[in-house]
2 protein chains.
Amino acid sequence: MAERVAGRTKEEVLKDFRTDEIVQAARRVIGELGFADASMERIAHEAGVAKGTIYLYFRNKEELLAQVTDHGFAVLMERARAGASRARGAEAKLAALLCAALEHSTENQAIFRALQDYRQLAPENPPLLAAKLEHNLEQLVSFVAGVIERGTKSGELRACNARRAARFLVESMRGAILERLREPKRSSVQADAATIVDFFLHGVGATEPR
Amino acid sequence: MAERVAGRTKEEVLKDFRTDEIVQAARRVIGELGFADASMERIAHEAGVAKGTIYLYFRNKEELLAQVTDHGFAVLMERARAGASRARGAEAKLAALLCAALEHSTENQAIFRALQDYRQLAPENPPLLAAKLEHNLEQLVSFVAGVIERGTKSGELRACNARRAARFLVESMRGAILERLREPKRSSVQADAATIVDFFLHGVGATEPR
DNA sequence: TAAGGTGCTGACCGAGCGTTCAGTGCGCTG
DNA sequence: CAGCGCACTGAACGCTCGGTCAGCACCTTA
């Protein structure tokens, strides 16, 4: 009989540990090389195990990649929620949200590349990974849309299609992240986030909103 | 001595014809399958030639893909310029520009997928294709930035970092195109373009611009 | 210490890719 | 009509990659 710690066997703990090690290794490799060039061989090497070992913990490559992106998105969403909940008012919440995303993308390019590339992986008949990413992205958009809706109700934001606006903002964020990755540390995360929110709230038109 | 038509030999005309045929075939295949899955075999089949024949007209796959994206971008830019030049005022020009881009992306997904995927193709040490796409995208941003700057001078737009604003708009356009490709023909090109320009000019804030 | 089990290894496989090149056949020329 | 040149072909090549599995090493147990 195996000894138990907190209701889990030693084997289960070890398995979780190994699984996490491999996921983290995959995250690093993807962040460095992108999805397309992140081979199982390279990931195995990074994790310090043999290629075959990965297949003891994941059914195939796609399942591994899906876990990587899921994990990355979970961290991003947690940060975004935490940042937004600390801030007061729609503008501050959106800025905090963007800050979290920009910081997260700077520290960890893997999840962001996912956001960017996922459609490429299998444009037709999207498999597990594409579906998961689609779902994750939708979650982010929904969250942003929620912030916008509450802002509209409180009168801070004008009435608009919250979902469209949320997508609009998320895409802009994507662009800013891209730019930051291209020329890193050109400006602070806070400044970039503020610029985007400013554009988003006020636009570039000289006339007042209708 | 070969006969000449308009200063070009028959061989040159034929070569151009074949080259164009292959480029168009590649465009269709990329549009259907994406960059990653557009194999030379498939492109050759679509063009109605043998795989080896492509290598008589293009040094390698990358050169072929680069020509495809160059061609697509040239068409897009031509449309955008034409649309913008017909319109009067910054708002109308931007709307026309977005219309052109949305139409073009609807008819021809290849160039758009390029915009989306190019970073994926070679994240490190970007080769010919990535460099060309980067340059093309920069051209588009510059064009938009020009429209914005002139709008600022005429007083129609408020003063802002035109380049940042242009990137902001281009990314939003990208998002709209993505959405359109996901659920095609949900709304008219004109309506989508108007929505984006409206967001872009007025933002979602209830207060007037500073 | 011997036996048994289990986690792990890495050489191997087949598929698919971009690329090459010896061969083919068609059309032009003398 | 014979000979030649050249555009074109597609089988073959080298390579990479995801995925497999027979065997090994180590730990536990008796």
Side-chain angles (χ1 to χ4, degrees), chain A residues 1-4 8-23 25-26 29-30 32-68 117 120-124 127-130, chain B residues 1-4 9-23 25-26 29-30 32-68 117 120-124 127-129:
Chain A
M1 180 70 76
E3 53 206 304
R4 286 173 164 277
R8 293 160 67 214
T9 65
K10 190 179 71 178
E11 286 73 26
E12 282 171 346
V13 173
L14 249 171
K15 179 153 186 159
D16 280 1
F17 176 72
R18 271 272 195 251
T19 302
D20 192 58
E21 256 187 345
I22 294 171
V23 165
V29 173
I30 292 169
E32 193 182 338
L33 302 177
F35 269 103
D37 293 332
S39 69
M40 294 299 265
E41 185 68 56
R42 188 82 161 68
I43 293 170
H45 180 261
E46 177 76 25
V49 299
K51 195 164 54 154
T53 306
I54 298 181
Y55 288 88
L56 299 175
Y57 296 93
F58 301 90
R59 195 136 39 85
N60 51 31
K61 188 184 186 183
E62 188 173 33
E63 194 181 289
L64 170 57
L65 298 188
Q67 284 215 24
V68 170
D117 307 337
Q120 157 82 5
L121 292 168
E124 303 294 323
L128 178 62
L129 182 53
Chain B
M1 181 69 78
E3 54 206 302
R4 287 175 163 275
T9 65
K10 192 180 73 179
E11 286 74 24
E12 283 171 347
V13 172
L14 246 170
K15 179 152 185 159
D16 279 2
F17 176 72
R18 270 274 195 252
T19 303
D20 193 57
E21 255 188 346
I22 295 171
V23 166
V29 173
I30 293 170
E32 193 182 336
L33 302 178
F35 270 104
D37 292 333
S39 69
M40 293 300 262
E41 183 69 56
R42 190 79 161 68
I43 292 170
H45 180 259
E46 177 76 24
V49 299
K51 207 165 36 156
T53 305
I54 297 181
Y55 289 87
L56 299 176
Y57 296 93
F58 301 91
R59 195 136 39 84
N60 50 33
K61 189 184 186 183
E62 187 173 35
E63 193 181 289
L64 169 58
L65 298 188
Q67 284 214 24
V68 170
D117 307 338
Q120 156 85 5
L121 292 167
E124 304 292 323
L128 178 64
L129 182 54

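Throughout, protein chains are lettered first and strands after them, A, B, ... in sequence-line order, and every chain is numbered starting at 1.
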Of A/Glu41 and A/Ala50, the one whose nearest nucleotide on DNA chain C sits closer to the 5' end is A/Ala50
Does C/dT9 have OP1 or OP2 sitting under 4.0 Å from an N or O in the side chain of A/Tyr55? no
Length of the line joining B/Ile22:CD1 and D/dC8:C1', which is rounded to integer Å: 11 Å
B/Asp37 CG to C/dG18 C1': how many Å, rounded? 15 Å
Rounded to the nearest 0.5 Å, what separates atom CD in B/Gln67 from atom CD in B/Glu62? 12.0 Å
Checking all strands, does B/Thr53 fall into the base, sugar-phosphate, or nothing category for heavy-atom contacts under 4.0 angstrom? base
Pairwise distance CD1(A/Ile54) to OG1(A/Thr19) - rounded to 0.5 angstrom: 11.0 Å
Distance from B/Met40 atom CE to B/Asn60 atom CG, nearest 0.5 Å? 7.5 Å
OH on B/Tyr57 to CG on B/Asp16, rounded to 0.5 Å: 10.0 Å
Round to a whole Å and report the spacing from CG of B/Asn60 to P of C/dC17. 17 Å
With sequence neighbours excluded, residues passing side chain to side chain donor-acceptor pair (under 3.5 Å) with B/Glu63: B/Arg59
Whole-Å distance between C/dG18 P and B/Ile54 CD1? 9 Å
Please report the distance, rounded to the nearest Å, between CD1 in B/Ile43 and P in C/dT19. 11 Å
Would you indicate, yes or no, if C/dC8 has its OP1 or OP2 atom less than 4.0 angstrom from a side-chain nitrogen or oxygen of A/Arg18? yes
Establish, with yes or no, whether the OP1 or OP2 oxygen of D/dA7 is under 4.0 angstrom from a side-chain nitrogen or oxygen of B/Tyr57. no
Without decimals, in angstroms, what is the distance between B/Leu56 CG and C/dT20 P? 11 Å
Regarding D/dT9, can its base be found pairing with the side chain of B/Lys51 as donor and acceptor, where the two atoms are less than 3.5 Å apart? no
How would you label the contact of A/Ala44 with the nucleic acid (heavy atoms, under 4.0 Å): base, sugar-phosphate, or nothing? nothing
Spacing of A/His45 atom NE2 relative to C/dT9 atom C1', expressed in whole Å: 14 Å
Distance in angstrom units between A/Lys61 NZ and D/dC17 C1', rounded: 8 Å
